Every structure is written in C-alpha cells, then in structure tokens.
S.K.: 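Here you go, one structure.
The model shown is predicted, which means the values in this text are computed figures rather than measured ones. Nothing fancy with the numbering, it's 1 onward along the sequence.
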Amino acid sequence: MAHINVFAQSPKHEEFSWEKLGNIKEGRGDLSEEMPVLVYRLMQYTMLDVLSKAHGLAQANEYFRQAGYLAGIAFANNNLDLTQEFSGFAANLQKALLDMKISILRMENFNADNGNIILTIGQDLDCSGIPISNENVCVYDEGFISGILEAYTGKKYNVREVDCWANGDRVCRFSGTVVANSNQLDDFYKW
C-alpha cells in the first residue's frame, strides 16, 4: 500500500461568502442563534493575541481591519437596503445593528458634499466594559464600518476610531473620510 502524505497537499482556500455562515437556526437547534458576548470576545482577543505574537500588533490590527471590511461589505449586502437616501439608510443600519445586538449606532455628522462621516457606537461587542488600557482597540469595527459605507456609497472609505471605551470614553467614535485615490488604500488595505 502506498503511503500518502496528506500534508504535502495544501488545501485550496475557499473565499468567504455569506452562504458559508450556514443555516444557524437549523444547525444550533436548542441553543438558538444567540450566545454571550464573552464568547465573541474570547475568540476575538485570543485571535488578536496569537496574530500579534506571530506578526506584531500593527500587522495583527491590519488583519482585523481587513476582516472587518470584508464582514462590513457582506453585512451591508445581505442585511441592508442600499437603495435608500442617506437618512433612510442610516435608520436601516441603526435598526439592523440594534436588532442583531451588535451595537447602538448614532450618526453625529454626515457631509453629503464630500461623504465625510462621524458616528458613535455604544454598548458594542468589541470593547464596552473592558478595562481602560489607554488605546483604541476597535480596529475590526473600523473595517466593518468602512465596508458598510463602501457597499452603500460605492466609494472607498478610510475609517478610524477617535474615541474608545478602552481610553475611558463611554462610546466609541469613528471618523470616516472618502479616499479620493484608490491607490491611497494600499496603506489601508494591504491585501
């Protein structure tokens, strides 16, 4: 009998798609779709720890930002009405985030002329309630928000957290600007 080296062949990576999330209601049956935020954070913070040790914190944060961006595009395309005027879109997004218990969204400012936006999210999955560490930790959310905004506007966004619970703030505030030249994204999305 011939010996087959299963490690010699690397499996083909299948890109993410919304369908890969499966039928959660059917699959989880008695456990339902909900789980404690603790479990989400356990996965998030241990993954960040492993990636940081392997690649450095800056690169690990970049991976989280890219994953958030991918999730934001998918979330928007599968859960939001992207055909509404901005106020309707913002209300739809606010409701979807609340219904899914992701966060409480508040739009602070949207400049229709240049697309710049400032928004806050409260009681979010990533950091509300964590100890103060004097750092902004919501890099996944930066990508998530930029993906949602791109799906809605068709424009690339650079979103950065300017206030964070981990810095002692009570909400996380994000500032988003339209990237005028897609080449500028080389420093933002390095994939």
Side-chain angles (χ1 to χ4, degrees), residues 18 21 24 32-49 52 57 60-82 84-112 114-153 155-178 188:
W18 192 259
L21 299 177
I24 298 169
S32 82
E33 294 178 272
E34 295 184 20
M35 67 171 196
V37 173
L38 174 73
V39 176
Y40 170 85
R41 287 187 185 174
L42 182 63
M43 182 187 72
Q44 178 183 10
Y45 284 100
T46 56
M47 190 176 304
L48 181 61
D49 186 56
S52 294
L57 181 59
N61 281 338
E62 184 58 30
Y63 290 145
F64 266 66
R65 192 175 290 113
Q66 290 173 13
Y69 169 81
L70 184 60
I73 293 277
F75 178 85
N77 286 328
N78 289 279
N79 293 289
L80 302 175
D81 180 354
L82 302 175
Q84 301 180 60
E85 82 293 337
F86 184 77
S87 62
F89 165 76
N92 183 230
L93 174 59
Q94 186 177 42
K95 182 176 180 340
L97 294 175
L98 186 61
D99 288 350
M100 292 186 176
K101 299 180 181 178
I102 295 172
S103 64
I104 298 173
L105 170 70
R106 191 175 120 232
M107 292 289 176
E108 290 188 352
N109 186 38
F110 178 71
N111 184 322
N114 61 19
N116 291 349
I117 190 167
I118 297 175
L119 57 90
T120 63
I121 57 171
Q123 299 182 36
D124 65 291
L125 291 171
D126 293 346
C127 75
S128 294
I130 67 170
I132 294 176
S133 61
N134 297 317
E135 60 184 327
N136 290 352
V137 299
C138 299
V139 293
Y140 181 88
D141 291 344
E142 290 174 347
F144 187 69
I145 294 165
S146 68
I148 291 170
L149 293 173
E150 181 179 329
Y152 175 66
T153 66
K155 298 174 183 173
K156 300 281 185 191
Y157 270 82
N158 183 348
V159 174
R160 290 296 185 255
E161 185 178 32
V162 294
D163 296 316
C164 183
W165 183 287
N167 271 323
D169 299 300
R170 302 309 283 174
V171 295
C172 296
R173 180 170 285 106
F174 297 86
S175 174
T177 56
V178 174
F188 188 61

S.K.: Apply side chain to side chain contact (heavy atoms under 4.5 Å, CB included) to the pair F110 and L149, showing each step before the final yes or no.
M.R.: CA-CA 11 Å; F110 178 71; L149 293 173; 5.9 Å; no

S.K.: Judged by atom type as modelled, is there a donor-acceptor pair below 3.5 Å linking the side chain of N78 to the main-chain atoms of A74?
M.R.: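 Yes, the answer is positive, given that a donor and an acceptor are paired below the 3.5 Å cut-off.
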
S.K.: Throw together a table of side-chain donor-acceptor distances under 3.5 angstrom for residues 164-171, partners on residues two or more places apart or in other chains.
M.R.:
| from | atom 1 | to | atom 2 | distance (Å) |
| --- | --- | --- | --- | --- |
| W165 | NE1 | I130 | O | 3.1 |
| N167 | OD1 | E135 | N | 2.9 |
| N167 | ND2 | N136 | OD1 | 2.5 |
| D169 | OD2 | C164 | N | 3.1 |

S.K.: Just wondering, are more than 12 heavy atoms of other shown residues or ligands nearer than 6.0 Å to CD in Q94?
M.R.: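 More than 12 within 6.0 Å, yes.
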
S.K.: Which residue pairs pass the ring-ring contact (aromatic ring centres under 6.0 Å, His included) test when at least one of the two sits in residues 121-147, sequence neighbours left out?
M.R.: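 As it turns out, the ring-ring contact (aromatic ring centres under 6.0 Å, His included) pairs with a partner in residues 121-147, which skip direct neighbours, are F75-F144.
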
S.K.: Side chains of E150 and Y69: is there a donor and an acceptor less than 3.5 Å apart?
M.R.: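 Yes.
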
S.K.: Filter on salt bridge (Lys or Arg N to Asp or Glu O under 4.0 Å), then keep only pairs touching residues 121-132, sequence neighbours left out; what's left?
M.R.: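 Checked against salt bridge (Lys or Arg N to Asp or Glu O under 4.0 Å) - neighbours excluded - no pair reaches residues 121-132.
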
S.K.: Compare all side-chain heavy atoms of I117 with those of N111 and state whether any distance is below 4.5 angstrom.
M.R.: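 SC-SC contact between I117 and N111 ruled out.
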
S.K.: Could you tell me which residues satisfy salt bridge (charged side-chain N to carboxylate O under 4.0 Å, His left out) with E34, sequence neighbours excluded, listed by chain and number?
M.R.: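 Salt bridge (charged side-chain N to carboxylate O under 4.0 Å, His left out) check on E34 returns K101.
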
S.K.: Shortest non-hydrogen contact from S128 to G122?
M.R.: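 Taking every non-hydrogen atom into account, OG-C, 4.2 Å.
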
S.K.: Which residues pass the salt bridge (charged side-chain N to carboxylate O under 4.0 Å, His left out) test with R106, not counting sequence neighbours?
M.R.: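 Partners of R106 under the salt bridge (charged side-chain N to carboxylate O under 4.0 Å, His left out) test: E108.
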
S.K.: For the residue pair L48 and A60, what are the closest heavy atoms and their distance?
M.R.: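 Looks like CD1-CB, 3.8 Å.
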
S.K.: Quick one: salt bridge (charged side-chain N to carboxylate O under 4.0 Å, His left out) partners of D81, sequence neighbours excluded?
M.R.: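 Checked D81 against salt bridge (charged side-chain N to carboxylate O under 4.0 Å, His left out); zero matches.
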
S.K.: Looking at L80, is its backbone amide N or carbonyl O close enough to the side chain of Y152 to form a donor-acceptor pair, meaning the two atoms are under 3.5 Å apart?
M.R.: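 Checking the backbone N and O of L80 against the side chain of Y152, no donor-acceptor pair under 3.5 Å is found.
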
